[in-house]
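Input: a single structure, listed below in C-alpha cells.
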Number of protein chains: 2
Amino acid sequence: MRVAVDAMGGDNAPAIEVGGAVAACREFGISVTLVGDRTRLEEELAKHACAGLDIDIYHASEVVGMHDSASDAVRKKKNSSVRLAFELVKEGKACAAVSAGNSGATMAAGMFVLKRIKGIERPAIAQIFPTLKGQTLVLDVGGNVDCKPLHLVQFAIMGEVYARYAMGITSPSVGLLSNGEEDSKGNELTRETNSILRNASINYSGYVEGRDIFKGTVEVVVCDGFVGNVVLKSSEGLADAAGHMLKDEILKSWVSKLGYLFVRGAFSRFKKIVDYAEYGGAPLLGINGVGMICHGGSNIKAIKNAIRFAHEYAKSGVTEHVAEKLSENTSVFVQRDTPRSQAAA
Amino acid sequence: MRVAVDAMGGDNAPAIEVGGAVAACREFGISVTLVGDRTRLEEELAKHACAGLDIDIYHASEVVGMHDSASDAVRKKKNSSVRLAFELVKEGKACAAVSAGNSGATMAAGMFVLKRIKGIERPAIAQIFPTLKGQTLVLDVGGNVDCKPLHLVQFAIMGEVYARYAMGITSPSVGLLSNGEEDSKGNELTRETNSILRNASINYSGYVEGRDIFKGTVEVVVCDGFVGNVVLKSSEGLADAAGHMLKDEILKSWVSKLGYLFVRGAFSRFKKIVDYAEYGGAPLLGINGVGMICHGGSNIKAIKNAIRFAHEYAKSGVTEHVAEKLSENTSVFVQRDTPRSQAAA
C-alpha cells in the first residue's frame, strides 16, 4: 500500500518531503503519493534519480499555512494538500497520511476526513522518546489542552495498543505523568484518572514522574496535551542548549578540540540515539486510519522515517485493536457520567 | 545574620547539612545555626575543623520524614527541625531557613510559622535553570498543583521581584509557559492568566514554550506547580539519561576513551553549568521571611550554595518588595471575583 505525503506542509516544503519520499521508496521499497502542486513537485522530483521508484503525484491546489486555524483549514481549504492526503486514505488509495505542516490542522483534517474511532472522544498525538532502556511513548503531546479523565483513560488505551502492535512491545506498562509517585499526589485531573485506570484492563503502573520518561520506567506515559507539549518542547530545548554549551566548552581549548576528534564517533552515535529524525514523526491516534505528524523543521531523514513508521503503523492494525480494547473497557467508562462523590460512595 | 539549617531533613542528613554549613561558613563567612538532634550534630561537627567558625546548634527533638504529610508535619511535630528552623526566622534569630527535607512539609512549615505575605494567596517554589543566556527562574515547581489565574499572576509578580532583587537582573521579562506562542494557544488557566498579565505592571512577554526555558528567552517563566514539577523532573531525567548514554558510547572504543582524557576539562566545565548543586536550592516565595528548599539528595556543595543564596535572598529585601509590587497591581486582581463573561464585556 502507498503512503500519501502532504508535500507542501513543512518549513522547507516541498524539497524535504520529496527527498524523504525518494529515500523511503529507495531504502524501504515503500510506494509514495506526493500530494501538492503538480508543477512544483515535478520540478523537485526531476532533481532526483527516480527511475524505477514507485512515486506519483496527486495534485492539490491549496496549502494550509502555519497561521491558518485548524478549523478554517478544514472548512475553507477543501483542496489543501493535507486534507487531500487524508482523502486518499479514506478512499483506500493510501494506507497512511504523513504531514510536516501545521499540526493542529493535520489533526483536524485527519479527524474531519477519517472520523474518530467509535467511542474515542479525542484523538491524540503520541511521541516516542529515547530512554535508558529503549523507547517510551508519551501521549498526548499537543492535541488536547483541557482534558477530562475519560480522555486520559482513552489515551492510555490507545498508547498501550500502539506500543503493543506498532512498536512490538509484548506487554507494555502504562504510567500516568504526575508530580510524585504516591496516589496522594497529582492534580484533580490525574487523581480521578488514576482511580479509573486502576480498574482498566491494561498493565497500569500508577503515577510516574518526569524523570521516569527518560529512565524508561514504563513504556507508555499518559498526560494531557498541554503538559505533554511542554515536556516535549522543554526536552528539545534542553538537548539543544546542552549541545551548544558543551560545544562552547570544547572549543575553548586546543587540547579539548584535539580530544574531540577522538570522541567524535561516540558523539555521533549518541546523537543518533537522541535525534528526533530517527523516530520520524508522531503517530496520530484515535482516528479511523493512519496519520503521522512530523516536526515542521523535519529533515529528509525524518520524513523518510516517518513514511516508514506510518507504513508499519498501517500494517499493525492498531486502529482495529484500539476499537477492541475500548470495548473491553466499557465498564470503566461508566464512571464518567457519575459525579465524583457518588462514584466514591 | 545567621542562616538556620534544618540539619535532619535530607536523604543523607545530618552529614551533608553539617558539611555544607561548615563550607558556607568557611568560604563565605556566613554564620549558621544547625537545627536538629544536639548529640548527633555535635558528633558530626567534631569531624570537621571548626575552630573560629560561627556555627551553633539549636536542639530539635523531632524529624519530619519524607512520608509525613505536610499538614501532619506542621500540626503533630511541633519540635521538628524544619519547623524550629522557621521559628528562629520568626523570632529574628535567623534571617533564613534552609531545608533539604520533605519539600511539601518545608513549604507548609514556612507558611504556618511565618504566614503569607499580605495579599499572597499561595506561596510558590521557584527553581533556577541554566540557559544559553545565563539563568531563568521558573515557578511554581511543586507547591501548587491546581491553580487559579490569580495564583499564576501572583507567581509572575513574585518571580519578577526575586529576579530583580535577588538575582540582580535590571528589568526581568516574564513569560507564561504554554503550548505555543500565539494568544490563541494555552489551556483555560493560561488563557485567563495571559489576559490578566497583559495589564499587570511587569515586563510581561506573553506566552513562551518549553524550549524557551533553556534558550533563556525570558528571565522568569510562570506555570502551575504540576507543570513546573514535571518540567523540572523531566529535565533532570533527560540530563541524567543523556549523560549515561554519552558515557556508554565513549566507553565503547579505546579511541574515544583516549579522546575523553582530552575533553574531560570541557565536560567538567559543562557539568558545572548544568549542575543543580551550583544553584543550591529553590527559593520559597510568598511567605513573610526567607526559605530555601533543597533537593533531598543534595550534596555538600548544594547545601553550601543554598546557605549562600538564602543569605543573599534575605539581604535583598524581596519579601518587602513583593508586598509593594502587589499593591501596585491591586487593580489587576479585581478581575478575580468577576465572572469571565462579565470581565470580557
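Only heavy atoms go into these numbers, but all of them, side chains included; no hydrogens, no water, no symmetry mates.
Interface remark: of the candidates B:Thr190, B:Leu246, B:Leu261, B:Leu246 forms the most heavy-atom pairs closer than 4.5 Å to chain A. Chain B forms more heavy-atom pairs under 4.5 Å with one residue of A:Asn179, A:Leu251, A:Asn144 than with any other, namely A:Asn179. Interface remark: of the candidates B:Ser69, B:Gly265, B:Ser253, B:Ser178, B:Ser178 forms the most heavy-atom pairs closer than 4.5 Å to chain A. Highest contact tally toward chain A, considering only B:Asn187, B:Leu258, B:Asn229, B:Thr131, is held by B:Asn187 [criterion: heavy-atom pairs under 4.5 Å].
Shown here for B:Val263 and A:Gly259, the closest heavy-atom pair between the two residues is CG1-C, 3.7 Å. Of all the heavy atoms in B:Asp146 and A:Arg191, the pair that sits closest is OD2-NH2, 3.7 Å. Closest non-hydrogen pair, B:Ala239 versus A:Leu238, comes out as N-CD2, 4.4 Å. Here the closest non-hydrogen pair linking A:His244 and B:Leu132 is CB-CD2, 3.7 Å.
Crowding of B:Lys148 atom NZ: a count of heavy atoms from other residues, nucleotides or ligands under 6.0 Å not exceeding 12. Residue-environment remark: NZ (B:Lys247) stays at or below the threshold of 12 foreign heavy atoms within 6.0 Å. No more than 12 heavy atoms of other residues, nucleotides or ligands sit less than 6.0 Å from atom NZ of A:Lys76.
Under the 3.5 Å distance criterion, the side-chain polar atoms of A:Lys252 are left unmatched by any main-chain donor or acceptor of B:Ala266. Proximity of a side-chain donor or acceptor of B:Lys215 to a complementary backbone N or O of A:Gly237 within less than 3.5 Å is not detected.
Between the CZ atom of B:Phe214 and the NZ atom of A:Lys233 there is a distance of 14.5 Å, given to the nearest 0.5 Å.
For B:Tyr260, the ring pair (Phe, Tyr, Trp, His ring centres under 6.0 Å) test picks out B:Phe267, with sequence neighbours left out.
With a 4.5 Å cut-off on side-chain heavy atoms, B:Val227 and A:Phe226 count as touching. The side-chain heavy atoms of A:Arg264 and B:Val255, taken from C-beta on, include no pair separated by under 4.5 Å. For the pair B:Val230 and A:Arg211, the minimum side-chain heavy-atom distance is 4.5 Å or more.
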